[in-house]
Amino acid sequence: MSTTQPEVTFIGTATTVLRIGGFTLLTDPNFLHRGQRAYLGKGLWSRRRTDPALRIAQLPSLDAVVLSHLHGDHFDRVARRELDRELPIVTTPAAERKLCRWGFRAAEGLPTWSSRELRRDGETLRLTSMPGRHGPGALDLLMPDVMGTMIDLERDGSRRFRLYVTGDTLNRPMLAEIPERYPDIDAMLIHLGGTRVAGILLTMDARQGADLVELVRPKLTVPIHYDDYPVFRSPLGHFVAEARRRGLAGTVRTIARGETVPLTPPD
């Protein structure tokens, strides 16, 4: 049983290592290097601007991967080649089908609000699929299904920590059900960047991100997914400034690639 505080290591894009209780998770594995191209679907590519802070061979022992959706900047050809095929991958049903075809036999697709539990030494880590929408209106039908994930740590029958990972969603009315079902969110990893393709917004920009912080009201927000590709058009500084303007700056903690920070609020 672990008594250490939850923490996140930022590798780049939406790729992080989460240490929560006695469990270690990898999110959205993107290990391409600077200059390499990620396939975004429908014939679209984007060339990475940054290097990941770690290689797959440098990762700690993992209990599972949490994959918000199957885009090339979230599960790339390096991950497909080098990740352990037996590693559980919690993702969308559509992504599960393709991952299984690729040989990842432990992939599990969760319908919205469904859960997968990991148990060890008296602790339970519950991963629950949250709603998400990657594109506006009918354009969303052309995008991969996307999910957020609520991660709850329970010990001795009581909840000890709750983390919301947004995934590549826009802030849409459907997300209002999240704080209704899951109040008291300790921390949120928010996917930002204001991704635009052909001028169309596909991930939250600074304004939408701040709106979601006000909706969800986490004790701590850690922004990720904001500068690794040219399609990301809303810099981290814009979100930080918007959070400050709304009086939210005290609940935002920025993180650099390669850095590890606690997922507990500042004192």
Side-chain angles (χ1 to χ4, degrees), residues 13-14 27-28 40-42 44 46 66-71 73-75 90-96 109-115 127-152 162-226 229 231-236 238-240 242-243 245-246 248 251-252:
T13 319
T27 66
D28 293 296
L40 304 181
K42 310 303 178 187
L44 298 174
S46 190
V66 175
L67 176 61
S68 64
H69 67 302
L70 206 53
H71 253 163
D73 59 332
H74 290 256
F75 194 97
V90 178
T91 188
T92 66
E96 176 201 344
L110 295 181
T112 304
W113 309 121
S114 298
S115 299
L127 312 175
T128 305
S129 174
M130 297 290 105
R133 183 158 294 167
H134 206 334
L139 183 62
D140 187 59
L141 299 176
L142 300 177
M143 305 292 290
D145 290 345
V146 64
M147 73 177 200
T149 308
M150 197 68 70
I151 303 174
D152 283 310
R162 173 170 284 166
L163 171 68
Y164 171 38
V165 183
T166 68
D168 272 16
T169 185
L170 295 170
N171 185 14
R172 287 291 181 260
M174 62 194 301
L175 301 190
E177 194 170 351
I178 293 174
E180 294 174 2
R181 289 180 180 238
Y182 291 87
D184 302 321
I185 293 173
D186 294 295
M188 175 167 69
L189 283 185
I190 187 169
H191 292 203
L192 294 172
T195 305
R196 287 186 181 272
V197 174
I200 299 169
L201 188 69
L202 300 176
T203 64
M204 289 180 284
D205 57 12
R207 180 184 58 80
Q208 284 204 12
D211 287 345
L212 187 65
V213 174
E214 291 183 331
L215 175 70
V216 173
R217 302 180 303 280
K219 297 180 180 71
L220 175 72
T221 296
V222 179
I224 58 175
H225 190 275
Y226 52 75
Y229 290 89
V231 291
F232 297 171
R233 303 294 177 84
S234 180
L236 175 63
H238 289 186
F239 172 73
V240 171
E242 183 67 14
R245 187 182 70 80
R246 301 193 195 192
L248 302 170
T251 67
V252 173

Under 3.5 Å, which donor-acceptor pairs link side chains of residues 194-204 to any protein atom two or more places apart or in another chain?
from, atom 1, to, atom 2, distance (Å)
Thr195, OG1, Thr203, OG1, 2.7
Arg196, NH1, Gly199, O, 2.8
Thr203, OG1, Leu192, O, 3.0
Thr203, OG1, Gly194, N, 3.4
Thr203, OG1, Thr195, N, 2.8

Q | Gap between atom NE2 of His69 and atom CE of Met147 - 0.5 Å precision | A | 11.5 Å
Q.
Just to verify, what does Ala94 make a side-chain contact (heavy atoms from CB on, under 4.5 Å) with, not counting sequence neighbours?
A. Thr92, Arg97, Asp145
Q. What closest approach, in Å, do Leu175 and Leu170 show between heavy atoms, and which atom pair accounts for it?
A. CD1-O, 3.6 Å
Q: Can you tell me which residue pairs pass the salt bridge (Lys or Arg N to Asp or Glu O under 4.0 Å) test with a partner in residues 197-208, sequence neighbours excluded?
A: Arg207-Asp211
Q) Below 4.5 Å, heavy atoms only, C-beta onward: do Phe75 and Thr91 meet side chain to side chain? A) no
**Q.** Residues which pass side-chain hydrogen bond (donor to acceptor under 3.5 Å, both in side chains) with His238, listed by chain and number, not counting sequence neighbours
**A.** none
Q.
Please report the interatomic distance CE(Met150) to CZ(Arg181), rounded to the nearest 0.5 Å.
A. 10.5 Å
Q: With sequence neighbours left out, write down each residue that passes salt bridge (charged side-chain N to carboxylate O under 4.0 Å, His left out) with Asp152, or none if nothing qualifies.
A: Arg162
Q: Without swapping roles, check the side chain of Thr169 against the backbone of Thr166 for a donor-acceptor pair under 3.5 Å.
A: no
Q | Side-chain donor or acceptor of Ser234 paired with backbone N/O of Ala206 under 3.5 Å | A | yes
Q: Work out which heavy atom in Ala210 is nearest to a heavy atom in Leu248; give both atom names and the distance.
A: O-CD1, 4.1 Å
Q) Who passes ring-ring contact (aromatic ring centres under 6.0 Å, His included) against Tyr226, sequence neighbours left out? A) none
Q: Walk me through it: do Val66 and Val165 pass the test side-chain contact (heavy atoms from CB on, under 4.5 Å)?
A: CA-CA 9 Å; Val66 175; Val165 183; 5.7 Å; no
Q | Contacts of type side-chain hydrogen bond (donor to acceptor under 3.5 Å, both in side chains), residue Thr27, not counting sequence neighbours | A | Thr16
(Q) Could you work out, with side-chain hydrogen bond (donor to acceptor under 3.5 Å, both in side chains) as the rule, every residue matching Thr128, not counting sequence neighbours? (A) Ser115
Q.
Would you say that Met174 contacts Met130 through its side chain, given a criterion of any heavy-atom pair below 4.5 Å between the two side chains?
A. no
Q) Of all heavy-atom pairs between Gly109 and Glu96, which one has the smallest distance, and what is that distance? A) N-OE1, 2.8 Å
Q: May I have all residue pairs that pass ring-ring contact (aromatic ring centres under 6.0 Å, His included) and include part of residues 182-222, sequence neighbours excluded?
A: His74-His191, His191-His225
Q.
Quick check for you: to the nearest 0.5 Å, what is the distance between Leu220 atom CG and Leu163 atom CG?
A. 9.5 Å
**Q.** Counterpart residues, salt bridge (charged side-chain N to carboxylate O under 4.0 Å, His left out), relative to Glu242 (two or more places apart)
**A.** Arg245, Arg246
Q | Partner residues of Ser68 under the side-chain hydrogen bond (donor to acceptor under 3.5 Å, both in side chains) criterion, sequence neighbours left out | A | Asp28
Q.
Rounded to the nearest 0.5 Å, what separates atom CD1 in Ile190 from atom OG1 in Thr221?
A. 6.5 Å
Q) Residues in side-chain contact (heavy atoms from CB on, under 4.5 Å) with Val216, at least two apart? A) Tyr164, Ile185, Met188, Leu212, Pro218
